[in-house]
Amino acid sequence: IMIQYAKKVLPNFGAWEYLFRKELVKIYNWMPEDQMYEFCMWCYENFHHRYSDLLDEIFTNTKGKSNLTLQNIELRHRRKKMIHYKTRIF
């Protein structure tokens with residue numbers, strides 16, 4: 001649900017850096033861990049051209065949540081897929 005909210009709201013603030021940052025931080029803090037990978041990738045796909053430094057700053061923040069660099073997110077996502085695959089019953 002939070003990812004859908006982010007996809008609706010963030011594009012509306014894309015023209016104003018202060019408001020975009022404020023909304024991005026709010027959504028980041030409320031985003032469930034299982035949706036964080038998708039949220040991070042979506043943000044980079046849609047806003048990297050304008051706010052790459054801001055996205056790097058937010059997603060590499062280690063306070064509260066674990067380190068969310070793209071590399072770490074991708075590794076975590078792959079591990080979840082592998083664990084899910086190993087636990088499936090054939």
Side-chain angles (χ1 to χ4, degrees):
I1 295 174
M2 198 64 190
I3 192 82
Q4 294 165 344
Y5 173 78
K7 288 180 178 181
K8 284 185 179 181
V9 170
L10 283 178
N12 296 328
F13 295 109
W16 303 281
E17 184 174 357
Y18 172 77
L19 294 175
F20 181 80
R21 171 191 281 278
K22 185 176 174 183
E23 200 62 32
L24 179 65
V25 169
K26 182 173 78 172
I27 292 170
Y28 171 83
N29 288 329
W30 283 91
M31 187 65 62
E33 192 73 28
D34 63 332
Q35 295 178 8
M36 190 59 73
Y37 175 79
E38 182 183 353
F39 174 59
C40 178
M41 300 315 291
W42 180 82
C43 285
Y44 275 97
E45 287 171 7
N46 290 281
F47 303 107
H48 73 88
H49 57 283
R50 185 169 190 151
Y51 296 121
S52 61
D53 292 339
L54 174 61
L55 294 174
D56 290 342
E57 176 187 333
I58 299 299
F59 289 114
T60 58
N61 178 12
T62 56
K63 294 179 183 175
K65 297 189 185 226
S66 56
N67 190 354
L68 291 173
T69 61
L70 284 178
Q71 185 178 21
N72 288 341
I73 290 173
E74 289 173 4
L75 288 173
R76 191 177 319 153
H77 186 67
R78 285 188 200 132
R79 282 188 208 126
K80 283 183 180 179
K81 279 186 169 181
M82 289 175 64
I83 291 169
H84 178 72
Y85 179 76
K86 289 178 182 178
T87 58
R88 285 180 39 188
I89 300 173
F90 294 97

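A quick note: this is a predicted structure, and the numbers were derived from the prediction, not measured. Below, each value reflects all heavy atoms present in this structure, side chains not excepted, and no hydrogens, waters or symmetry copies.
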Where do [X] and [Y] come nearest, in terms of heavy atoms and distance?
X: A6; Y: P11; result: O-CD, 3.8 Å
X: G14; Y: Y51; result: O-OH, 2.6 Å
X: P32; Y: M2; result: CD-CB, 4.0 Å

Legend entry - Joint hydrophobic cluster, I1 plus I3, side-chain heavy atoms closer than 4.5 Å: no

Does [X] reach the side chain of [Y], with side-chain heavy atoms less than 4.5 Å apart?
X: L24; Y: L55; value: yes
X: M31; Y: E38; value: no
X: L10; Y: Y5; value: no
X: Y44; Y: S52; value: no

Inset, instruction - Could you grab the distance from atom CG of N12 to atom CZ of F20, nearest 0.5 Å is fine? - result: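 With rounding to 0.5 Å, CG (N12) is 11.0 Å from CZ (F20).
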
Inset, instruction - Calculate, to the nearest 0.5 Å, the distance between atoms CZ and OH belonging to R21 and Y28 respectively. - result: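 The CZ atom of R21 sits 13.0 Å away from the OH atom of Y28.
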
Inset, instruction - Could you label the plane-to-plane angle of the F39 and W42 rings as parallel, tilted or perpendicular, counting under 30° as parallel and over 60° as perpendicular? - result: parallel

